[in-house]
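The structure appears below as structure tokens.
In what follows, every chain begins at residue 1, and chains take the letters A, B, ... in the order their sequences are listed.
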Amino acid sequence: MSRWDGGLDRSSADDRVAYGGFHKAASQRHLLLPALHAVQDAIGWVSHGAINYISERLTLGPAEAYGVATFYDLIATDEQPARVAHVCDDIACKAAGVDVMLDDLERELGPPRTDLDGVMWRPSPCLGQCDKGSAAFVQVAGGDHRVAAPASAKQIIEILRSPKPRDHVVAPTPRQVGAPTSLLARVGSQPTLDEYRADGGYEALTTALSKGSAWVVEQVVASGIKGRGGAAFPAGIKWKSVAAHDGTKYVVCNADESEPGTFKDRVLLENDPYLIIEALTIAGLAVGAERGYLYIRDEYPIALRAITEALSSVRAEGLLGEDILSSGRTFEIETRRGAGAYICGEETALFNSVEGYRPEPRQKPPFPTDAGLFGRPTLVNNVETLANIPGIIRKGGAAFATIGTDDSTGSKLFCVSGNVSEPGVFEVPFGATVRDLISLAGGPTSDIAAVLIGGAAGAFILPQDLDLALTFEATRERGIGLGSGVVIVFDSSVDFVEIVNRIAEFFGDESCGLCIPCRVGTVRQAESLVRLSSSNGDRTVELEILDELDRVLRDGSVCGLGQAASVAVQSALALGLIGDPA
Amino acid sequence: MIETRIEPPKPLVTITVDGVEMTAPQGATILETCRDADIAVPTLCYLDTLEAFNACRACLVEVEGSRTLVPSCSREVTEGLVVETESERVVAARKMVYELLASSVDLSLVDGETAMFMERYDVDVDRFGTADRPVRAVKVEDDLYIRDYDKCIMCFRCVAACGPDAQNTFAIDVAGRGLKATIATEFDIVLPDSACVYCGNCIGVCPSGALMFKTEFDMRASGDWRPEDQTVSRTVCSFCGVGCNLELHVQDNRIVTVTSPMDHDVTSGHLCIKGRFGWSHVQPDDQ
Ligand SMILES: Cc1cc2nc3c(=O)[nH]c(=O)nc-3n(C[C@H](O)[C@H](O)[C@H](O)COP(=O)(O)O)c2cc1C
Ligand code: SF4
Ligand code: SF4
Ligand code: FES
């Protein structure tokens with residue numbers, strides 16, 4: 001039995017006792033994060049009273065709601081100004097010289113993390129705008145969240161102070177180069193649903209419905225496509241495995257994109273939302289799910305708006321919901337907003353986030369395909385992986401498999417940023433080298449000192465290795481992961497100690513805290529690096545500590561965050577970018 | 001009438017542990033199998049009356065073919081599994097887990113088994129010397145028990161005992177994240193204002209000395225706490241008819257703490273406020 005007692009707009013309908021019983025009421029827990037967002041959006045922070053009220057409505061302990069709220073960077077449980085700017089100080093922007101802008105901001109507005117006459121700013125991990133070289137995401141209580149990219153101090157202050165703040169973003173230019181699958185074909189044109197359909201959109205869904213689920217899954221298997229979210233797992237195996245289960249199942253589009261240096265998913269979501277929605281619909285129908293979730297990081301308000309509008313258009317046209325295209329099949333998509341936590345991109349943490357629990361990863365096995373969201377078989381795919389699906393259905397899996405290399409089929413989006421003339425997202429068939437990508441991006445702005453492949457969880461390479469092919473197999477052979485397609489170029493003016501320390505700090509900040517190796521090890525790694533670069537550190541001792549931390553992080557951490565937290569650090573040490581005796 | 005369902009016996013699987021072949025019922029974990037075979041495996045967060053959390057990683061073992069080490073507390077045995085419980089890799093990881101833990105909290109009152117393994121692995125508790133760690137003041141908010149989160153190893157047992165695994169009260173949960181995470185009531189309000197019902201089940205499961213009877217806390221402070229002089233007598237709680245077994249810990253003819261046996265099938269170690277704290281009426285007032 002649980003009591004419902006309404007809000008400000010309490011009506012007699014609220015004045016009732018629900019005889020659903022505890023378990024039925026507890027099934028509302030998945031609304032916890034949306035409820036916290038609602039309060040945060042309206043007021044700018046979540047008070048004790050709000051936590052109590054939400055807890056009562058959702059039948060959970062206030063301590064549980066508080067535990068969830070305090071996990072997320074973008075949910076405040078202490079009173080704070082109604083407008084808060086989160087300004088990127090992460091590695092790609094650092095390489096592009098963002099420190100100058102941060103100094104301007106501090107001079108013109110004031111120090112970070114301080115109430116400055118009703119507004120506040122604070123440094124933020126990567127905001128997925130790395131091609132712009134500087135970025136801010138502004139939480140605007142009572143209004144729409146805003147973005148500036150590139151961001152000047154003046155623009156950030158304007159968003160913080162203006163009665164009617166607006167976004168300051170530069171429209172992207174399409175950059176697909178000789179790529180036969182054209183993932184970026186519609187970037188820059190922002191098509192309406194009619195335009196999308198006139199361009200071949202929703203043909204794939206029609207084909208999928210007429211040929212049937214088994215055929216669709218076969219095409220995905222035949223395409224050989226591997227996940228683009230970082231783990232490079234063959235998508236076909238996952239699709240097949242989820243399709244083989246009975247009962248309730250789910251599909252999830254992972255749009256949490258928080259790996260420093262990654263911004264490809266944002267470009268797709270903002271510019272071609274129908275493509276992602278069509279793809280997720282095909283996935284849902286193929287594996288037999290009636291519900292899909294699109295989990296998008298909150299720092300992408302423009303993409304969220306594009307997706308939300310697109311969802312209402314496709315629903316109105318019968319492309320989503322009940323009886324899709326008169327097929328008798330049902331599929332619905334719900335968007336869920338992240339709230340500032342890198343770990344939520346890890347698939348099992350994402351499930352916990354959606355379910356209203358603290359987004360701590362789950363020990364695998366069981367794997368999501370057997371027991372995922374709400375304990376049911378779940379297919380999780382990255383935005384870019386899904387973006388390939390309509391093309392695979394239209395042209396057939398076998399045709400897709402002819403593009404790229406044997407082990408890396410299709411084309412790949414690469415996020416090139418840092419010290420290059422024209423940073424951006426580039427689509428190339430698998431097989432292109434680091435050098436190819438840098439030249440597509442207009443070449444380096446000066447002498448290259450090193451390139452970071454794969455993001456904060458990736459590894460550095462030196463200028464003599466630019467002919468490395470960016471395929472899953474070639475990078476694996478070199479012991480570095482392709483990750484999410486990050487290529488950050490650093491020239492010789494870059495202070496690698498600062499870059500590597502920022503990476504180490506990132507993992508310490510983002511560790512969920514569940515397991516000891518990562519909870520404590522990431523912080524000790526960052527501290528050891530600081531000692532190593534200071535004159536009073538004992539080099540031998542620190543190198544030994546870093547080496548042993550590397551081992552325990554990789555061997556003992558629960559999830560990929562801890563397991564990858566020392567990879568970039570170790571590669572920087574091995575290449576002599578840091579740690580050389582002064 | 002009480003119906004007793006007898007499950008068909010579980011099929012056995014054969015695994016190899018430290019070079020010795022052994023059988024275990026399907027569904028058993030590596031840890032259970034090792035303990036049945038008297039192979040010592042350390043744990044910090046695992047407790048057999050609670051669901052496994054996979055948090056501490058002290059129980060890691062090496063499993064042939066696995067990229068990373070594997071938490072033995074939650075990995076179920078499968079046919080042909082080959083396990084090493086104290087390989088060089090395992091020892092290196094466990095040692096580091098303890099060293100990292102020691103750098104982040106006060107381990108002075110940690111349980112005996114943990115202390116034994118720390119010695120066995122030659123753990124250097126000062127390895128990280130001046131490392132940054134959150135320093136937390138002791139919470140003394142009532143006369144029943146204290147919370148000293150400076151000693152908390154974040155094993156999550158108390159959260160499970162307060163919540164879904166025993167008491168269903170949900171007065172405490174983990175708050176914050178990363179190294180700053182701690183166990184807390186909402187907005188860190190004091191216990192008497194929280195949902196806490198003072199069952200003390202969190203104290204019963206806490207391995208670190210972070211949760212402690214106020215009696216023990218006060219006696220330690222005054223130097224009167226002498227576990228070696230304590231006797232334990234088992235009795236049945238007289239408050240109601242459930243039949244919970246109590247273990248009365250007595251020092252100098254006075255009850256100092258009360259626990260319940262973990263293997264007692266009525267309580268699994270859990271009690272309510274009356275059994276846990278309601279013993280003041282059986283002994284004379286201090287004054
Ligand atoms: C710490 C961490 C963060 C991750 N972040 C993301 C992310 O932002 N987006 C994503 O698609 N996958 C992310 N992943 C990988 C997911 O767990 C999962 O493998 C992926 O979403 C599966 O989709 P795919 O097979 O299409 O790549 C992350 C993994 C880890 C360990
Ligand atoms: S590795 Fe880090 S992020 Fe992953 S579960 Fe452990 S503490 Fe959490
Ligand atoms: S207070 Fe005790 S039981 Fe609770 S998490 Fe800390 S060490 Fe574990
Ligand atoms: S937006 Fe600044 S590094 Fe990515």
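- Between chain B and the options A/Ala65, A/Cys512, A/Cys518, A/Gly521, heavy-atom pairs under 4.5 Å are most frequent for A/Cys512.
- The minimum heavy-atom distance linking B/Asn54 with A/Val558 is given by the pair O-CG2, 3.3 Å.
- Using a 4.0 Å cut-off between charged nitrogen and carboxylate oxygen, A/Arg551 and B/Glu88 count as a salt-bridge pair.
- In this structure, chain A has a heavy atom under 4.5 Å from the side chain of B/Leu60, while its backbone stays farther away.
- Contacts with chain B were tallied for A/Val68, A/Ile545, A/Val523; A/Ile545 has the most, counting heavy-atom pairs under 4.5 Å.
- By number of non-hydrogen pairs under 4.5 angstrom with chain A, the leading residue of B/Arg133, B/Glu99, B/Met96 is B/Met96.
- The parts of A/Ala341 that come within reach of chain B are both its backbone and its side chain, each placing non-hydrogen atoms under 4.5 angstrom from that chain.
- A 4.5 Å side-chain heavy-atom check between B/Arg67 and A/Gln563 finds at least one atom pair inside the cut-off.
- The shortest non-hydrogen separation linking B/Phe156 to A/Leu514 is CE1-CD1, 3.6 Å.
- Heavy atoms only, all atoms of each residue included: A/Arg358 and B/Val174 are closest at NH1-O, 3.2 Å.
- Atom NZ of A/Lys364 has more than 12 heavy atoms from other residues, nucleotides or ligands within 6.0 Å.
- Under the 4.5 Å side-chain criterion, counting only non-hydrogen atoms from C-beta, B/Glu62 is not in contact with A/Asp555.
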Quiz prompt | Verdict with supporting geometry, B/Arg75 and A/Gln363, side chain to side chain donor-acceptor pair (under 3.5 Å) | solution = CA-CA 9 Å; B/Arg75 178 64 61 87; A/Gln363 179 73 39; over 6 Å; no
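- Proximity of B/Val97 to A/Pro517: side-chain heavy atoms (C-beta onward) are separated by under 4.5 Å at one or more points.
- Residues B/Ile189 and A/His48 have side chains in contact (heavy-atom distance under 4.5 Å, counting atoms from C-beta outward).
- For A/Val530, no part lies near chain B; criterion is any non-hydrogen pair under 4.5 Å.
- Heavy-atom minimum distance, B/Ala171 versus A/Ala63: O-CB, 3.2 Å.
- Put simply, of B/Leu100, B/Asp173, B/Thr68, B/Thr185, the one with the most heavy-atom pairs under 4.5 Å next to chain A is B/Leu100.
- Residue A/Ile343: no heavy atom, backbone or side chain, is found under 4.5 Å from chain B.
- Atom CD of B/Glu79 is surrounded by more than 12 heavy atoms from other residues, nucleotides or ligands within 6.0 Å.
- Looking at heavy atoms from C-beta onward, A/Val520 lies in side-chain contact with B/Leu179 at the 4.5 angstrom threshold.
- Between B/Phe187 and A/Ile51 the shortest heavy-atom distance is CE1-CG1, 3.4 Å.
- Of the residues considered (A/Leu60, A/Thr522, A/Asp509, A/Leu553), A/Asp509 shows the highest number of contacts with chain B, using heavy-atom pairs under 4.5 Å.
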Exercise. Report the C-alpha separation of A/Arg524 and B/Ser103 in whole Å, then their side-chain angles, then the decisive distance to 0.1 Å, and conclude whether the side chain to side chain donor-acceptor pair (under 3.5 Å) test is met.
Key: CA-CA 9 Å; A/Arg524 297 296 170 254; B/Ser103 78; 2.8 Å; yes
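- The shortest side-chain heavy-atom distance between A/Val552 and B/Arg94 does not fall under the 4.5 Å cut-off.
- The two residues A/Leu549 and B/Phe128 come nearest to each other via the heavy atoms CD2-CZ, 4.5 Å.
- Considering only heavy atoms from C-beta on, A/Ile516 comes within 4.5 Å of B/Leu44 through its side chain.
- Heavy-atom contacts from other residues, nucleotides or ligands closer than 6.0 Å to CD of B/Glu113 number more than 12.
- Each of A/Ser528, A/Pro365, A/Gly508 has some count of heavy-atom pairs under 4.5 Å with chain B, and the biggest count is that of A/Pro365.
- Using a 4.0 Å cut-off between a side-chain N of Lys or Arg and a carboxylate O of Asp or Glu, B/Arg177 and A/Glu510 qualify as a salt bridge.
- Contact annotation: the side chain of A/Glu548 approaches that of B/Arg127 to within less than 4.5 Å [non-hydrogen atoms, C-beta and beyond].
- Across B/Cys162, B/Ser194, B/Ser104, the residue that shares the most heavy-atom pairs under 4.5 angstrom with chain A is B/Ser104.
- B/Arg57 places no side-chain N or O within donor-acceptor distance of the main-chain N or O of A/Cys515, the cut-off being under 3.5 Å.
- Heavy atoms closer than 4.5 Å to chain A are found in the side chain of B/Ala92, but not in its backbone.
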